[in-house]
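Chain letters run A, B, ... following the sequence lines, proteins first and then strands; every chain starts at 1.
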There are 2 protein chains.
Amino acid sequence: MRNNTIGSLIWLRLMRFTTQSNQLSNEFLKRFDLTTAQFDVLMQISVYQPLTQSELAEKVTVTQGGISRMLVRLEKEGYIERKQDWKTKTISLTEKGEAVLEQAFPEQLAFQSSFFDEVLSEEEQKTLYTLMTRVHKNSQKKELPPE
Amino acid sequence: MRNNTIGSLIWLRLMRFTTQSNQLSNEFLKRFDLTTAQFDVLMQISVYQPLTQSELAEKVTVTQGGISRMLVRLEKEGYIERKQDWKTKTISLTEKGEAVLEQAFPEQLAFQSSFFDEVLSEEEQKTLYTLMTRVHKNSQKKELPPE
DNA sequence: CACCATCACTTGATTAGTCAAGTTAAATAA
DNA sequence: TTATTTAACTTGACTAATCAAGTGATGGTG
């Protein structure tokens, strides 16, 4: 063993980096009493509101069940509102949700960016972004290979 | 709102891609009755064995408690062995563990690589790898900014 | 007009991880 | 030699997600 391919090395780096930076981000967001996942959901709502739970679930790559529980928590905290419209629940931010996001948004963005700003030039960041965009888009239409 | 920085866009892509491809990978590995996390742990053991739990925990970015539970499962399945050496437990693969890994390794590597091979040239993959390596290394020494 | 299928969402059971307190063995000091 | 500290690992309580079964409202069909 072990002839690693370049692809598998990239994969590992990505996995390690994301778990690591996700942990750091969770710690960072404690000051706003949010988790990274919650921040993500609030962001998506703020951009796309009003929207349904299924739409949201898809945007943040979580199951229906997952989004349901998550929104219960966020609703209990008073960050969001759900209205039963027809058979659909329409989600939107409350005042309080807007306020928290308004506060957390610039800081969280700066924090996320710092991971890249500290070691990559503007040019390199653009390159990284386009490469990852291609990779991500590809993965979205990927099927499992047959056994 | 919302002037996204290039860094925050990269971050989002990375997060979405890793959760997505992690899910696909878990599905893929079902044929070997493994999860992605388990495969990762077995790989690390196979490369570095014999090693202690704390060393392993650090390599796979998991807490001591997490590694402990994980190894209990892997031991129950008969993939690994733990020996009490001094006050340390030394971990190594069993025959069965070696065998599973031997089987799963090439397929999983090919699967991981396919995410990148399908859309990036060799050259581009190298670029992506070096950029991510720099970003990852930087995140490892990162401290939380003050409130 | 009553029944059935479907869609959007919720919920019980399970899994995987975190954190912090607990356990045990070894090393060090008195 | 006993007593204390430390290191490595485990465990109980909790959190967050998954999957699959359940619920209830809408809309179509015989």
Participant: Return the value, rounded to whole Å, for the distance between atom CG of N22(B) and atom C1' of dA17(D).
Facilitator: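 From N22(B) CG to dA17(D) C1': 12 Å.
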
Participant: Would you say a side-chain N or O of S54(A) is under 4.0 Å from OP1 or OP2 of dC7(C)?
Facilitator: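 Negative; the distance criterion is not met.
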
Participant: Listed by chain and number, what are the ring-ring contact (aromatic ring centres under 6.0 Å, His included) partners of F115(A), not counting sequence neighbours?
Facilitator: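 Per chain and number, F115(A) pairs via ring-ring contact (aromatic ring centres under 6.0 Å, His included) with F17(A), F111(A), W11(B).
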
Participant: Identify, residue by residue, the members of residues 69-78 of chain B with a heavy atom below 4.0 Å from DNA chain D, and return them in order of residue number, or none.
Facilitator: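 Within residues 69-78 of chain B, the residues near DNA chain D are R69(B).
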
Participant: Counting heavy atoms from C-beta on, name the nucleotide in dT18(C), dT10(C), dA8(D) closest to the side chain of Q23(A).
Facilitator: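 Looking only at side-chain atoms, Q23(A) lies closest to dT18(C).
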
Participant: Applying salt bridge (Lys or Arg N to Asp or Glu O under 4.0 Å), can you list everything that pairs with E77(A), at least two apart in sequence or on another chain?
Facilitator: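 E77(A) satisfies salt bridge (Lys or Arg N to Asp or Glu O under 4.0 Å) with no residue once adjacent residues are dropped.
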
Participant: Rounded off to whole Å, could you give me the CD-to-C1' distance for the E58(A) and dC9(C) pair?
Facilitator: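 One finds 16 Å between C1' of dC9(C) and CD of E58(A), rounded.
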
Participant: By salt bridge (Lys or Arg N to Asp or Glu O under 4.0 Å), which residues pair with R16(B), not counting sequence neighbours?
Facilitator: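 Expected list: D40(A).
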
Participant: Of the nucleotides dT10(C), dC9(D), dA16(C), which has the atom closest to the T35(B) side chain?
Facilitator: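 That would be dA16(C).
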
Participant: Output the rounded distance in Å from CD1 (I67(A)) to P (dC19(D)).
Facilitator: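 Distance, rounded to whole Å: 14 Å.
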
Participant: For the pair made of CG in L29(A) and P in dT15(D), what is the distance, rounded to whole Å?
Facilitator: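 Distance, rounded to whole Å: 18 Å.
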
Participant: Where the side chain of T63(B) is concerned, which of dA16(D), dT10(D), dC19(C) is the nearest nucleotide?
Facilitator: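 From the listed options, dC19(C) comes nearest.
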
Participant: Whole-Å distance between dA16(C) P and F39(B) CZ?
Facilitator: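 Those two atoms, CZ and P, are 17 Å apart.
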
Participant: Please identify each residue that fulfils side-chain contact (heavy atoms from CB on, under 4.5 Å) with K126(B), with sequence neighbours left out.
Facilitator: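 Expected list: I6(A), E122(B).
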
Participant: Please list all pairs meeting salt bridge (charged side-chain N to carboxylate O under 4.0 Å, His left out) that have one or both residues in residues 46-59 of chain B, counting only residues at least two apart or in different chains.
Facilitator: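 Those involving residues 46-59 of chain B do not exist here.
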
Participant: What is the distance, rounded to the nearest whole Å, between atom CG of N26(A) and atom C1' of dT18(C)?
Facilitator: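 That distance rounds to 11 Å.
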
Participant: Using atom CD of Q64(B) as one end and atom P of dA7(D) as the other, report the distance to the nearest whole Å.
Facilitator: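 These atoms are roughly 12 Å apart.
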
Participant: Rounded at 0.5 Å granularity, tell me how far CD1 in I10(B) sits from CE in M132(B).
Facilitator: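 Separation between the atoms: 9.0 Å.
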
Participant: Output yes when at least one side-chain N/O atom of Q53(B) is less than 4.0 Å from OP1 or OP2 of dT10(D), else no.
Facilitator: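 Yes, within the criterion.
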
Participant: Find out whether Q44(B) and Q49(B) are in side-chain contact, i.e. whether some heavy atom of one side chain is under 4.5 Å from a heavy atom of the other.
Facilitator: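 Q44(B) vs Q49(B): side chains apart.
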
Participant: Could you tell me the separation between the CD1 atom of I80(B) and the C1' atom of dC9(D), rounded to a whole number of Å?
Facilitator: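 So the two atoms are 13 Å apart, to the nearest Å.
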
